[in-house]
Amino acid sequence: MASEANPAECTKGKQRLLVSETEEELAVALAKYTAEISDKYTRERGAFTVVLSGGYLIHGIRKLVESPYKESVDWAKWHVFWVDERVVKKDHVDSNYKLAYDGFLSKVPIPPSQVYSINDSLPAEGAADDYEACLKQLVKTGILEVSASTGFPRFDLMLLGMGPDGHIASLFPGHPLLKENQRWVTFIRDSPKPPPQRITFTFPVIDASAYIAMVVAGSGEVDAVKKALGCKDSSSDLLPVQMVSLEDGEFTWFTDKEAVSKLQNKASP
């Protein structure tokens, strides 16, 4: 069963920390949370815009393809995007699309036309331009909302993971893209984690989200979790995950006990 703790005051914006006993319980809590937000938006406006990441996030949402969610979620209203993507063919082992298709999308009836993968025939810069143009067209058609204050796209839910270095999307520590504040989608040719060429949403897009679920399980990111949620200083050397600052949204950490094992203020069972 998940329990709630208060993240350290060094986090920015409104954040919740949920700690599950095990990764299995985390997956159950995440499916329930996602299904509830899906229901909220499909009822309110007839569409649900959800953003996926790579890594073990797809494994983390595996309960959505099981009962009761497989039958009860209104999959026909889902519109699926990626917070970042490797510039490889869709059938390549490094493709986030392939990871999501194999583990999730092939098991639920989301219309293929509502799954927005990158144009894998273009180089990184062209793929980023093309993806941004796709988002702007969806704004025109009313599928995708925009922030009233910033004009950046406002996704209903981002399901994200974090790397051991605290990176999110393809926004890496110390990289110039951390400061990009004009583009919706940009590209990177020198990713410190292979493959080197990727496209990625920028911080203003992430910050415009209505809901973000940050999914971190296991021992791989314990030091990044400790720095992100357990810091007691106002160091300017922030991890990318600490640079998220939602305008008007809710940020929830979905963790297991192993992931928060170095936190002193972790929730009690």
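FYI, side chains are in, hydrogens and waters are out, and symmetry mates aren't considered; it's all heavy atoms of this structure. This is a predicted model, so every value here is computed, not measured.
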Could you give the distance from [atom1] ([X]) to [atom2] ([Y]), rounded to the nearest 0.5 Å?
| X | Y | atom1 | atom2 | value |
| --- | --- | --- | --- | --- |
| L64 | S38 | CG | OG | 8.5 Å |
| D94 | E85 | CG | CD | 9.5 Å |
| D39 | E44 | CG | CD | 9.5 Å |
| T186 | E180 | OG1 | CD | 5.0 Å |
| E258 | S20 | CD | OG | 13.0 Å |

Between the main-chain N or O of [Y] and the side-chain N or O of [X], is there a donor-acceptor pair closer than 3.5 Å?
| X | Y | value |
| --- | --- | --- |
| D256 | G218 | yes |
| R183 | V185 | yes |
| K89 | D120 | yes |
| T34 | L30 | yes |
| Q114 | P111 | no |
| D207 | V244 | no |
| Q197 | R189 | no |
| S72 | P68 | yes |
| E221 | V216 | no |

Cluster overlap [X] with [Y], hydrophobic side-chain contacts below 4.5 Å:
| X | Y | result |
| --- | --- | --- |
| I118 | I143 | yes |
| V222 | L239 | no |
| L135 | V139 | yes |
| V225 | Y56 | yes |
| W253 | V28 | no |

Can you confirm whether [X] sits close enough to [Y] that some side-chain heavy atom of one is under 4.5 Å from a side-chain heavy atom of the other?
| X | Y | answer |
| --- | --- | --- |
| L144 | Y116 | no |
| E250 | T252 | yes |
| I212 | Q15 | no |
| V115 | W82 | yes |
| K77 | Y41 | no |
| E23 | H59 | yes |
| F187 | V87 | no |
| V50 | H79 | no |

Non-neighbouring partners of Y131 that pass ring-ring contact (aromatic ring centres under 6.0 Å, His included), sequence neighbours left out: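 Partners of Y131 under the ring-ring contact (aromatic ring centres under 6.0 Å, His included) test: none.
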Mind checking ring-ring contact (aromatic ring centres under 6.0 Å, His included) for Y33 and listing every partner two or more places apart, or none if nothing turns up? F254
Does the side-chain hydrogen bond (donor to acceptor under 3.5 Å, both in side chains) test come out yes or no for Q137 and T141, once each step is laid out? CA-CA 6 Å; Q137 180 59 34; T141 59; 5.5 Å; no
Measure from the ring center of W184 to the ring center of F201 and say whether it is less than 6.0 Å. no
If you measure from the Lys or Arg side-chain nitrogens to the Asp or Glu carboxylate oxygens, is any gap between K32 and E36 under 4.0 Å? yes
Note: K136-E132 ion pair, threshold 4.0 Å (strictly below): yes
Given R154 and V146, is the side-chain contact (heavy atoms from CB on, under 4.5 Å) satisfied, shown in steps? CA-CA 5 Å; R154 180 172 173 82; V146 293; 5.8 Å; no
Please output the side-chain donor-acceptor pairs of residues 156-175 that fall under 3.5 Å, not counting sequence neighbours, one pair per line with the distance.
unit_1: D156; atom_1: OD1; unit_2: R45; atom_2: NH2; d: 3.0
unit_1: D156; atom_1: OD2; unit_2: R45; atom_2: NH2; d: 2.7
unit_1: D156; atom_1: OD2; unit_2: T49; atom_2: N; d: 2.8
unit_1: D156; atom_1: OD2; unit_2: T49; atom_2: OG1; d: 3.2
unit_1: D165; atom_1: OD1; unit_2: H167; atom_2: N; d: 3.0
unit_1: D165; atom_1: OD1; unit_2: H167; atom_2: ND1; d: 2.6
unit_1: S170; atom_1: OG; unit_2: D84; atom_2: OD2; d: 2.7
unit_1: S170; atom_1: OG; unit_2: R198; atom_2: NH1; d: 3.1
unit_1: H175; atom_1: ND1; unit_2: L177; atom_2: N; d: 3.0
unit_1: H175; atom_1: NE2; unit_2: D190; atom_2: OD1; d: 2.9

Could you tell me which residues satisfy side chain to side chain contact (heavy atoms under 4.5 Å, CB included) with E247, sequence neighbours excluded, listed by chain and number? S147, S149, T150, A208
Residues forming a side chain to side chain donor-acceptor pair (under 3.5 Å) with Y69, sequence neighbours excluded: none
R16 vs F251, side-chain contact (heavy atoms from CB on, under 4.5 Å): CA-CA, chis, key distance, verdict: CA-CA 6 Å; R16 299 166 63 214; F251 189 117; over 6 Å; no
Side chains of residues 98-109: which donor-acceptor pairs under 3.5 Å do they make with residues two or more places apart or in other chains?
unit_1: K98; atom_1: NZ; unit_2: D102; atom_2: OD2; d: 3.0
unit_1: S106; atom_1: OG; unit_2: Y101; atom_2: O; d: 2.7

Could you report the tightest heavy-atom contact between [X] and [Y], atom names first, then the distance?
| X | Y | answer |
| --- | --- | --- |
| I199 | A124 | CG2-O, 3.6 Å |
| F203 | M243 | CZ-CB, 3.7 Å |
| V241 | M214 | CG2-CE, 3.9 Å |

Residue pair K257, V19: steps toward the side-chain contact (heavy atoms from CB on, under 4.5 Å) verdict: CA-CA 6 Å; K257 294 197 78 171; V19 182; 4.0 Å; yes
Test side-chain contact (heavy atoms from CB on, under 4.5 Å) on R62 and E24 and set out the steps. CA-CA 10 Å; R62 65 189 181 276; E24 178 74 8; 2.8 Å; yes
